[in-house]
Number of protein chains: 2
Amino acid sequence: MLTERQRQILSVVVSEFVNSAAPVSSLGISKIVELSVSSATIRNELGALEELGYITHPHTSAGRLPTDKGYRYFVDHLLEHEAISRDMAIKVAGMFRERVQSVDELMRKASKLLSSLTQEASLIVFPKLESQHFKKVTLISVDELHLVVVWISTTGLVWHGAIELESPVDAEALDLLVNFLNKELAGLSFHKIENFLTAKLRERRDSLAKLHDIAMRVVKESLKVSQELRLFLDGSKNVLEKPEFEDAKKSRRLFGLFDSKKDLLRIFDESIRSEGLKVSIGTESRFVDISDCALVTSTYQMKDDSAGILGVLGPKRMNYSKVISLVEYMAEEMAEVLSKNF
Amino acid sequence: MLTERQRQILSVVVSEFVNSAAPVSSLGISKIVELSVSSATIRNELGALEELGYITHPHTSAGRLPTDKGYRYFVDHLLEHEAISRDMAIKVAGMFRERVQSVDELMRKASKLLSSLTQEASLIVFPKLESQHFKKVTLISVDELHLVVVWISTTGLVWHGAIELESPVDAEALDLLVNFLNKELAGLSFHKIENFLTAKLRERRDSLAKLHDIAMRVVKESLKVSQELRLFLDGSKNVLEKPEFEDAKKSRRLFGLFDSKKDLLRIFDESIRSEGLKVSIGTESRFVDISDCALVTSTYQMKDDSAGILGVLGPKRMNYSKVISLVEYMAEEMAEVLSKNF
DNA sequence: TTTAGCACTCTCGTCAAGAGAGTGCTAAAA
DNA sequence: TTTTAGCACTCTCTTGACGAGAGTGCTAAA
C-alpha cells in the first residue's frame with residue numbers, strides 16, 4: 001500500500017518523535033532521510049500519509065506525529081528485528097545467575113532490572129494459581145491452636161497461610177492429615193483441589209473423619225491468600241516523568257492505575273491469552289487508562305505449561321526495538337531459570 | 001505567649017486553610033469567629049501572629065496560611081484531643097475481627113482501611129526482624145537438592161526462603177538439624193542467631209559437623225529475605241490528588257518517594273525511636289522529600305516488646321484531629337490483635 | 001483598644017501584538 | 001508527471017499592558 005519512500009518517511013517520523021517528543025517537520029525529515037528531495041516533496045508525502053491515517057497534526061502549523069495506526073505499522077513492518085544488545089544481555093543473564101531465596105525475590109529483581117534498562121515501568125505477573133500443580137503441603141504447628149500451612153507447587157512457588165484451630169489436635173493426627181493430603185493431591189491442579197478433597201473425604205469413614213473440618217479449612221482458607229501477591233511493579237516513576245505525563249490529568253489517571261494492583265492485573269491478564277510476545281498500542285487495548293500508553297508483554301512458560309507474564313508499560317513514544325528484544329530475551333531467561341532451579 | 005484571641009484566630013486560620021486549601025482573609029475570619037470584632041482588628045492580630053512566625057503570606061495582598069510552627073502550635077495546644085468517631089471505630093474494629101491468613105494480610109487490610117478513612121496515604125511497617133525472637137524453624141525438602149526454610153517468630157510472623165544444596169542430604173540428617181536448631185535457638189533474638197550458631201557449631205564435633213555448611217547457609221541466606229517486604233503502602237493516590245501537588249515538580253518528588261520503598265522505610269524508621277504517637281510537620285523531618293507533608297505515626301507494640309510503625313502521610317494541610325485519633329486507635333487494636341491471634 | 005477608610009500591592013484573566021515554526025498551495029522547472 | 005521554490009496563511013508561544021478583584025497595612029478618629 002505504502003510506497004517505499006512513504007515507508008521511509010513514516011519510519012523517520014516515528015523514530016524522531018520517539019527521540020524528541022516533539023512533532024517533526026518536513027524540513028527536519030529532509031535533513032535526516034537520505035532521500036535527496038526537498039522539504040516540499042516530503043510535505044506532499046506527509047499529506048498522503050496523513051490522508052491514510054498513519055500520522056496526524058496537533059494543529060495546522062505544527063509538525064507531524066504518528067497515530068496509533070502509524071505506530072502499529074512501524075512495529076509490524078518497519079522495525080528491523082534486532083537482537084538484544086550485548087550489553088543488556090549480559091546484565092540480564094548476570095541477574096538471573098545470582099542466587100535467590102525464592103521465586104518472589106527473583107521476580108522482584110527481574111522487574112527492577114527490566115524497568116531500569118528500559119526506563120519505563122515494568123511488570124511481572126505470577127502464573128495463576130489455578131494453572132499450577134500441587135507438589136507438597138506442610139503443616140507446622142506453632143502452638144496448640146495455631147497451624148501454619150505451607151504450599152509448594154511443582155514449579156517451585158511457595159506460599160503460606162495460617163489456620164486457627166477450635167481445639168487442640170495432636171501431632172499424630174496432623175501427620176496423618178499431611179500424609180493423606182500429600183498422597184492424594186499429588187500432581188493435582190490447584191483449582192481442582194477443593195472439590196476433589198470434598199469428594200474424597202466423603203468416602204472415608206476412618207480416623208481421618210474427625211480431621212475433616214481441619215482439612216477443608218486448610219484447603220479453603222490458606223489457598224486463597226496469594227492471589228493478591230501475584231504482581232511486581234517497578235519503575236512507575238520512569239513513566240510519570242516523561243513529558244507526555246506532565247499534564248496533571250493524564251498523570252493522575254496513570255498514577256491511579258499504578259496505585260491499583262487489581263486494575264493492573266486485569267490489564268495484563270489480557271496478554272496471557274496469546275502465547276509469546278504481544279505489543280498493544282494506545283486504544284488497541286480496551287482499557288482507557290492506558291490509551292496514551294503502549295504495552296509490550298510476553299508470556300513466560302513454566303515447565304508445567306502454566307504461564308506468567310512480564311512486560312513493559314510506557315508512553316506510545318517508546319523505543320520498541322529495544323524494549324521488544326529485551327522483553328523477549330527476559331521471558332526466555334525467566335522460563336529457563338524457573339524450570340532449572342525450582 | 002499568645003493571647004486567647006490570638007489562639008482563637010490561629011485556630012481558625014489552620015482549620016479554614018485545612019478545609020479550603022486557600023489563604024484565609026481577615027474578613028473571612030471575622031465572619032467565622034465568634035469574637036465580635038471587625039476585620040481590621042483581626043488584621044492587627046494577624047500581623048502580630050505573622051511577626052511571631054506562626055503564619056505567613058504568599059504575597060502582600062493575599063490571605064494568611066499557617067507556617068510549620070503554626071501547625072505545630074495548633075497540634076500541640078489548640079487541638080481538642082477528641083476520641084475517635086464512633087463510625088470509624090466500628091469500621092476499624094470490624095476489620096480487625098475478620099479472619100486473616102497471615103500477619104501480611106492483616107497489615108495489607110489495615111493499611112487499606114487507614115488510607116480510605118483518612119483519604120491520605122497510609123503506611124504500615126513490620127517490626128524489625130532484629131527485634132523479633134525465634135520460635136520455630138522448619139525445613140521442607142522439595143526435592144533432592146532443594147530445601148524450603150520456614151521461619152516463625154514468637155510474635156507469629158512467618159516467612160520462608162529456599163536453599164539449593166550441593167549434594168543430597170538424607171531425611172534423618174535434616175531432622176537432626178531441625179531439632180538442633182529448634183532447641184538451640186529457642187527464644188533467641190534473630191540478629192544474634194548467626195553469631196550464636198557459628199560459635200555453637202564450632203564446639204560440636206559429632207554427626208552434626210557435616211551439616212555445618214547447610215546450617216550456616218540456612219541461617220545466612222534465608223534469614224535475609226524478608227527485610228524488603230517490611231512495608232505496606234496504600235492510598236498514595238489520595239495524596240497526589242490534593243491541590244498542593246498539582247504542581248508537576250512537587251508531585252514528582254513525592255511520587256519518587258512512593259516509588260521507593262527504601263526511602264519510605266528510612267523516613268518511617270525515624271519514628272520507631274520514640275514510643276507511641278508522633279507528629280512530624282514539614283521541615284521538622286530531616287527528609288526534604290516530605291518537607292511539604294505531615295506525618296502522623298504511632299508505634300504498635302508486639303508482645304515481645306518489638307514494635308512496628310503505622311501511620312499516615314499527607315499534606316501539612318490535613319485533619320490532624322481525625323488522623324491522630326485514628327492512628328492511635330489503630331495502633332492499639334493492631335497490638336491487641338497481634339498479641340491475641342499470633 | 002478598636003474601627004472606618006483608603007491607598008497600595010499583588011494576582012489573575014484577557015487581549016493585542018509580534019516572532020517563529022511549519023504547513024498548503026500554486027506555478028514554474030526538470 | 002514529478003519535484004521544487006516561493007509565499008501566503010495558520011497556529012502557538014511569549015510578552016506586555018490593562019483592569020478587576022481581593023486583601024493588606026497604615027492612619028486617624030472613635
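Every chain is numbered from 1 and lettered A, B, ... according to where its sequence line falls, protein lines coming before strand lines. Source: prediction; values computed, not measured.
- Between A:R72 and A:D68 no salt bridge is recorded (no basic side-chain N to carboxylate O distance below 4.0 Å).
- Looking only at distances, no side-chain donor or acceptor of B:S11 sits under 3.5 Å from a matching main-chain atom of B:R7.
- For the pair A:E120 and A:K242, the salt-bridge criterion is met [side-chain N within less than 4.0 Å of a carboxylate O].
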Dump the pairs, protein N or O against N or O of nucleotides 13-19 of chain D, anything under 3.5 Å, distances to one decimal.
none

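- Across all strands shown, D:dT27 forms a Watson-Crick or G-U wobble pair, both distances under 3.5 Å, with C:dA4.
- Pairing for C:dG13 goes to D:dC18, judged as Watson-Crick or G-U wobble with the two contacts each under 3.5 Å.
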>> I'd like to know whether B:T297 forms a side-chain contact (heavy atoms from CB on, under 4.5 Å) with B:V327, so could you lay out the CA-CA distance, the side-chain angles of the two residues, the decisive distance to 0.1 Å, and finally the verdict.
In response: CA-CA 7 Å; B:T297 57; B:V327 165; 5.7 Å; no
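- Ion pairing between a basic and an acidic side chain is recognised when a charged N comes within 4.0 Å of a carboxylate O; B:R64 and B:E50 show such pairing.
- Residue-level contact check: A:S30 touches neither bases nor backbone, having no heavy atom under 4.0 Å from any strand.
- Using a cutoff of 4.0 Å between basic side-chain nitrogens and carboxylate oxygens, A:K250 and A:E244 are not scored as salt-bridged.
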Nucleotides 20-28 of chain D: which of its N/O atoms have a protein N/O under 3.5 Å away?
unit_1: D:dG23; atom_1: O4'; unit_2: B:S61; atom_2: O; d: 3.1
unit_1: D:dT24; atom_1: OP1; unit_2: B:S26; atom_2: N; d: 3.1
unit_1: D:dT24; atom_1: OP2; unit_2: B:S26; atom_2: N; d: 3.4
unit_1: D:dT24; atom_1: OP2; unit_2: B:S26; atom_2: OG; d: 2.5
unit_1: D:dG25; atom_1: OP2; unit_2: B:R64; atom_2: NH2; d: 3.1
unit_1: D:dG25; atom_1: N7; unit_2: B:R43; atom_2: NE; d: 3.0
unit_1: D:dG25; atom_1: O6; unit_2: B:R43; atom_2: NH2; d: 3.2

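- Taking 4.0 Å as the cut-off between side-chain N and carboxylate O, B:R266 and B:D269 do not count as a salt-bridged pair.
- Remark: A:E270 engages A:R286 in a salt bridge, criterion side-chain N to carboxylate O under 4.0 Å.
- A:S260 places no side-chain N or O within donor-acceptor distance of the main-chain N or O of A:G256, the cut-off being under 3.5 Å.
- In this structure, A:F255 and B:F255 have perpendicular ring planes: the angle between them is above 60°, well past the 30° mark.
- Of the residues in residues 5-14 of chain B, B:R5 come within less than 4.0 Å of DNA chain C through at least one heavy atom, sorted by number.
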